[in-house]
Amino acid sequence: MRRVILTLPAFAFLLIFFYLPLLSVIGLGFDPRAIIQILSDSYHKRIISFTFAQALASTLLTLAIGLPGAYVFGKYDFPGKRILKAIMTIPFVMPSVMVALGFILLFGKGGPFGGLDILYSWKAIVLAHAFYNFPIVVRMVSALIERVNPSYEEVAMTLGAKGFTLFRKVTLPLIMPGILASALLTFTFSFMSFSIPLILGGYRYATLEVDIFTSAMVMLDFKTASSLALLQILLSLAFMYLYLKALQLYAKREEQKVMRKPERITLRTALWAVPYFLLVSILILGPLIAVIYDSLFYTGSFSLEMYRRAFSQEYNPMFGTTVVRTIANSIFFGVLTVVISTLVALPLSYSLVKWRFKGKVIADALATLPLASSPVILGLGYLLIFRRTPLYGSWVVVALAHSIVAYPFVLRAVSSALVKIKENLYEAALTLGANEERAFLKVELPLASKGIIVGAIFAFAMSIAELATTYMLARPEYTTLTLAIYKFLSSRQFGPASALAVVLMAISGVSFALIERMGEEVW
């Protein structure tokens, strides 16, 4: 009974603030005629095809960029490895609006790579998705390479295998679960991406997410938006099922106790690794440096003019509030998201990792499902459920939406930490007279604290970077920093947008530094 009391509030929260909005979208969209009409409409068919195509191209490019880095990090030791690995992680914690702004500055007509003419095309979308997701490939695959039992390779070498043949016939099959899991996660994230296609692709290269958003917020056609969302939900569920299957294989390989000792990097490897890391560092740091430069220079000279404009209401009448208030709103929603998502994720992750009970598989699926839902669909569900209630337009509904978006990442971080705690430590506490609660507070909670802190930091970072639900649900006075940057971008005021993006980058940078310092993995 105590276990039910512990987990019931968390499941009730998910039921009310995730499943009811989701069911409202499904209920409105579950109309065979509307779905057939969408699937036979050339405009929607083109968008669905493009969503698949760009997600596939993004995944292939992400693997192409990420796998060499994963190989070097997993197999070799070299000076500056820790710093370089930290730099490789930066993209994943950077807000997408800020990254999109960096790409506009780099690849726009006046940018250093403007001659490539890829801005506002599918190429820009694919490149930005690769920028965002290749840290996933690097982290997941390098973790498995570190665990490849060296005796397998030694036996193969005694039989004459070496070089690429050794890698292809021995190492590659052993790390394939990591490649598969990271590829499926990249595909899913690229498929459900919203801000990047919206800003870099526009309506010409709209994806399913942008189509749902446009139908609901521009056309006010909730019926079509819900039918599109239903298609997206079904596809996302299929992707997440495949990802979770791949993750099971990945977890089994990751559990191997053998940790190979990193080798000293060879001259032959260094000859291609140095240019590779230089190019990747330019790809990572280029957009960030472009944003900082644009914020500090005006008409070719160093100036703080863009910051003055960013904080002056003369240049931002469309916000409905001051820029200082948008920063305060971002921090306010971030803190609320940390509190709510942690309170929901902690009991659920503990029950799913530590307890055995009937229906555990179903409970696990219900708790994990928010990972497969997009913020746009969540925002649409909240519009359908709350638009005739006092909650609509309030800060409460924005904080709840942010918490649902961030909660799966907290669940993953806490679960990863709990899995690593040896069961005999808990049992030893019980044999010494501690009851279940005391054993948890004195033994397991301190050991899982790093995972909880990383999850909380991730929740904060997710909240301050969130755009879709804030755009769909927040009244002007609750405008956040991310939404303010998007509004500056929409009015083509890139300088003030860069100034605010630097402020956002500073907040995200602190989150990134704390996550790196903790050293806990989320995936």
Side-chain angles (χ1 to χ4, degrees), residues 48-71 73-74 88-89 91-93 96 125-145 147-148 171-194 196-197 207-209 231-255 352 361 364-377 405 407-409 411-413 415-416 419 458 462 521-523:
I48 294 170
S49 301
F50 176 71
T51 307
F52 270 103
Q54 65 82 20
L56 182 61
S58 300
T59 305
L60 293 175
L61 184 60
T62 303
L63 289 174
I65 296 175
L67 286 178
Y71 180 77
F73 281 127
M88 298 289 132
T89 311
F92 201 66
V93 293
S96 53
I125 295 171
V126 169
L127 190 60
H129 283 163
F131 168 90
Y132 247 109
N133 294 311
F134 89 91
I136 298 173
V137 177
V138 171
R139 291 261 174 172
M140 293 185 80
V141 179
S142 66
L144 282 195
I145 292 175
R147 288 168 171 78
V148 170
T171 310
L172 186 60
L174 292 171
I175 64 173
M176 190 52 79
I179 297 174
L180 189 60
S182 59
L184 284 167
L185 198 58
T186 300
F187 185 90
T188 307
F189 283 162
S190 301
F191 192 87
M192 296 195 300
S193 172
F194 170 68
I196 295 291
T207 59
L208 198 47
E209 282 281 286
L231 288 172
Q232 163 110 330
I233 290 167
L234 294 174
L235 292 169
S236 299
L237 285 177
F239 301 151
M240 285 312 299
Y241 175 79
L242 294 173
Y243 166 65
L244 291 174
K245 285 291 182 186
L247 199 61
Q248 287 176 358
L249 296 173
Y250 174 79
K252 285 180 183 175
R253 289 283 163 83
E254 200 184 26
E255 282 174 0
L352 294 171
V361 175
D364 196 359
L366 291 173
T368 310
L369 191 60
L371 190 62
S373 178
S374 76
V376 172
I377 293 176
V405 171
Y407 143 83
F409 295 88
L411 185 76
R412 283 287 308 153
S415 298
S416 297
V419 165
F458 242 104
M462 294 291 294
E521 298 286 350
V522 175
W523 307 109

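All heavy atoms count here, side chains included; hydrogens, waters and symmetry mates do not.
No side-chain heavy atom of F239 sits under 4.5 Å from any side-chain heavy atom of L184. Taking 4.5 Å as the limit, some side-chain heavy atom of L237 sits within range of a side-chain heavy atom of L369. In this structure, the side chains of M88 and F73 come closer than 4.5 Å at one or more pairs of heavy atoms. Here the side chains of I196 and T207 are not in contact, with every heavy-atom distance at 4.5 Å or above. Inter-residue side-chain proximity for Y407 and P370 is flagged as met; some heavy-atom pair is nearer than 4.5 Å. Between M140 and P177, the closest side-chain pair of non-hydrogen atoms is not below 4.5 Å.
Under the 3.5 Å distance criterion, the side-chain polar atoms of S193 are left unmatched by any main-chain donor or acceptor of F189. Counting only distance, with no hydrogens or angles, the side chain of Y71 and the backbone of V141 share no donor-acceptor pair below 3.5 Å. Judged purely by atom type and a 3.5 angstrom limit, T51 uses its side chain to pair as donor or acceptor with the backbone of L208.
One finds the OG atom of S236 at 14.5 Å from the OH atom of Y243 (value rounded to the nearest 0.5 Å). Summarising the geometry, atom CG belonging to L61 is positioned 11.5 Å from atom CG belonging to L56; distances are rounded to the nearest 0.5 Å. Here the CG-OG1 distance, from L127 to T62, works out to 9.5 Å after rounding to the nearest 0.5 Å. Atom CD1 of residue I136 and atom CZ of residue F134 lie 11.0 Å apart, to the nearest 0.5 angstrom. Distance OG/S415 to CG/D364: 8.0 Å, rounded to 0.5 Å.
Using cut-offs of 30° and 60° for the angle between ring planes, the F187 and F52 rings count as tilted.
Smallest separation of non-hydrogen atoms from Q54 and V126: O-CG2, 4.1 Å. In terms of heavy-atom proximity, I65 sits nearest to A130 at CD1-CB, 4.0 Å. What you find for S142 and A70 is that their closest heavy atoms are CB-O, 3.4 Å. Heavy atoms only, all atoms of each residue included: M192 and Q232 are closest at CG-NE2, 3.8 Å. Scanning all heavy atoms of the two residues, the minimum distance from S182 to L63 falls at OG-CD2, 4.4 Å.
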L174 and L144: CA distance, side-chain angles, deciding distance, side chain to side chain contact (heavy atoms under 4.5 Å, CB included) verdict: CA-CA 8 Å; L174 292 171; L144 282 195; over 6 Å; no
